[in-house]
Amino acid sequence: MNPHPALHLSDRIADLLADPNRVPESWASRPQWRQSLATGAPGVALLHIERAAAGRGPWDRARAWLEVAADNQITSGPDSHLYYGAPALAHVLGCAAQTRPGSYRRALDHLGQAVAADAQRRCEAALARIDAAELPALAEFDTIRGLAGIGSVLLHRAPRGEAIRTVLTYLVRLTDDVKHHGRVLPGWWTPSGPSGEPDDRIPDGHANNGLAHGIAGPLALLALALRHGVEVDGQRSAISTILAWLERWRERHAWPYWVTPAHLTGAVRGPLAPQRPSWCYGTAGIARAQQLAALALGDQRLRHDAEDALATALLDPPSLAATTDLSACHGYAGLAHIAHRAAADALPRTAARLRSAAALLLDTTHPPRTDPDAQARRLLAQTGPAFLDGAAGTALALLAPATHAAPATRWDACLLTA
């Protein structure tokens, strides 16, 4: 099968980001440039690592960007998370080591120890918070800043270690109901708004459903760990608890981004329509997490329902019309990657629909007769080189679906989609 023309856009973005010494000062001078997987050099390094592993680019580019990302002291402890500091670099170097077996061993050992120690400290604090019957912050458990994301690093770097089991044990406890101000709430109910800060619009907090910041992140990690043979007491029950919550709030192929007290009282029901089916919030991330859970549990009905929801959302014109960019986080490229990943794991009757959705999304990302060089330059000017919201992530997310191949590394483990 011939590569999709969107591959030319991915190639051109990578060429424009070949040399870290030639990036604009407005990028390189940003405070988080060196350590941020979301917005800085580690995300560009990840693009070139995957391209080298897939035979689409030289290793020298990856090495040059890794030198930028690993320069000077790496942040660890409470200021670090999957997308910044030691966990971010551990993920990126881990992918590099897949491409160059035996390389970066000393650095990975050092980073692994730092990430594991920090995970243990965070879990101790989180479990003490649960014992005190207090509500969590999103950053305690989510994918971007919390223990679900850190757990992803541990699962791939030290799957038999104590730290990943501690994280899973904490996530099991997170699914226990809590009683707050006379109301029984899920254990992941947070007193803040979706931004993680107090929000006057929802003063009594919310339960976030998304894969980036909500309970779909812990669901994905619990499921992925189970698929890797890493299981703690109560893990299957916790998965079922989260699945039951999501089933409660599903409306056809969509979920509300978050559930508020108004949802609980029946004053509000279901998602606002139309809404984009993105990775961070929406059907793509949630349905992929459900599919992973179904595969882990061997639940064929759930597997079909998750795949059907994903395919329906990605082939639904109003939902796609709500998507307005190409990014990995919430744009067409990210959706194409998830559709491609899900199709590889799907039942035959839904796999074909998911492959059709991926092709449609690639066509939307790079329409016929589009100049890839002009498009790549325009995208870099508009979004910069960021992994989550910018050009590097777009180029990376396009690679597997455009080549009809599986990713060569575990780069998308940082999205908890694999």
Side-chain angles (χ1 to χ4, degrees), residues 38 78-84 118-119 121-152 167-222 238-239 241-250 255-265 267-272 275 278-282 285-286 289 329-330 388 416:
D79 292 329
S80 67
H81 47 75
L82 174 56
Y83 280 83
Y84 187 79
D118 183 47
R121 287 191 294 268
R122 292 188 191 205
C123 286
E124 289 173 7
L127 291 169
R129 190 269 309 159
I130 291 173
D131 290 339
E134 297 175 354
L135 296 177
L138 290 174
E140 177 183 291
F141 64 83
D142 73 6
T143 298
I144 298 291
R145 297 165 295 175
L147 281 160
I150 290 172
S152 172
V167 171
L168 296 174
T169 298
Y170 152 70
L171 292 177
V172 170
R173 289 285 308 276
L174 182 71
T175 64
D176 292 339
D177 286 342
V178 296
K179 191 170 184 179
H180 188 70
H181 294 167
R183 177 183 287 143
V184 176
L185 300 170
W188 59 90
W189 192 279
T190 178
S192 73
S195 68
E197 300 295 330
D199 191 328
D200 292 340
R201 296 170 298 174
I202 43 174
D204 293 321
H206 76 294
N208 199 298
N209 289 334
L211 185 51
H213 294 295
I215 195 58
L219 173 63
L221 181 65
L222 289 164
I239 290 172
T241 296
I242 301 170
L243 289 171
W245 170 266
L246 293 174
E247 181 61 26
R248 175 182 175 184
W249 298 107
R250 174 175 166 174
W255 288 262
Y257 288 171
W258 46 78
V259 173
T260 69
H263 287 89
L264 297 179
T265 61
V268 175
R269 176 65 188 175
L272 297 174
Q275 63 180 27
S278 47
W279 166 77
C280 51
Y281 285 105
I286 294 172
C329 181
H330 45 254
L388 278 181
L416 279 176

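If you read the sequence from its start, that first residue is 1, and numbering goes on from there.
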List for me each residue that meets side chain to side chain donor-acceptor pair (under 3.5 Å) alongside Trp245, sequence neighbours excluded, and say none if there are none. Asn209
Are the side chains of Leu135 and Thr190 in touch, meaning some heavy atoms are under 4.5 Å apart? no
With sequence neighbours excluded, residues passing salt bridge (charged side-chain N to carboxylate O under 4.0 Å, His left out) with Arg201: Asp199
On a heavy-atom basis, the closest approach of Ala238 and Leu222 is CB-CD1, 4.2 Å
Closest approach of Asp118 to Pro78 (non-hydrogen atoms, all atoms of both residues): OD1-N, 4.0 Å
Are the side chains of Trp279 and Leu388 in touch, meaning some heavy atoms are under 4.5 Å apart? yes
Mind checking what makes side chain to side chain donor-acceptor pair (under 3.5 Å) contact with Tyr281, not counting sequence neighbours? Asn208
With heavy-atom distances below 4.5 Å as the criterion, would you say the side chains of Trp249 and Ile286 are in contact? no
Grab the two heavy atoms, one from Tyr170 and one from Phe141, that are nearest each other, plus how far apart they are. OH-CB, 3.2 Å
Verify, without hydrogens or angle tests, whether His81 (side chain) and Ile144 (backbone) share a donor-acceptor contact under 3.5 angstrom. yes
Would you say Leu221 and Thr143 make side-chain contact, with heavy atoms under 4.5 Å? no
Determine whether Thr169 and Val172 make a side-chain contact, defined as any pair of heavy atoms from C-beta on separated by less than 4.5 Å. no
Going from OH on Tyr84 to CZ on Arg145, what distance comes out if it is rounded to the nearest 0.5 angstrom? 15.0 Å
Taking all atoms of both residues into account, what is the closest heavy-atom pair of Pro261 and Asp204, and its distance? CG-CB, 3.7 Å
Within the structure provided, determine whether Pro194 and His213 are in side-chain contact (heavy-atom separation under 4.5 Å). no
Looking at every non-hydrogen atom in both residues, tell me the closest pair between Leu138 and Gly196 and how far apart they are. CD1-N, 4.1 Å
Does the His206 side chain pair with the main chain of Pro191, one donor and one acceptor, at a distance under 3.5 Å? no
My understanding is that only residues two or more places apart in sequence, or in another chain, count here; which of them pass salt bridge (charged side-chain N to carboxylate O under 4.0 Å, His left out) with Arg250? none
Answer yes or no: is there a donor N or O on one side and an acceptor on the other, between the side chain of Gln275 and the main chain of Trp255, under 3.5 Å? yes
Please evaluate residues Thr175 and Leu171 with respect to the criterion side-chain contact (heavy atoms from CB on, under 4.5 Å), reporting the C-alpha separation (whole Å), side-chain torsions for both, the decisive distance (0.1 Å), and the verdict. CA-CA 7 Å; Thr175 64; Leu171 292 177; over 6 Å; no
Please collect all salt bridge (Lys or Arg N to Asp or Glu O under 4.0 Å) contacts where either partner lies in residues 175-196, sequence neighbours excluded, each pair once. Arg173-Asp176
Would you check if Leu219 and Leu246 make a side-chain contact, meaning some heavy-atom pair closer than 4.5 Å? yes
Residue pair Tyr257 / Cys280, side-chain heavy-atom distance below 4.5 Å: no
Who pairs with Ser80 by side chain to side chain donor-acceptor pair (under 3.5 Å), at least two apart in sequence or on another chain? none
If you compare all heavy atoms of Ala289 against all heavy atoms of Ala220, which two are closest, and at what distance to 0.1 Å? CB-CB, 4.1 Å
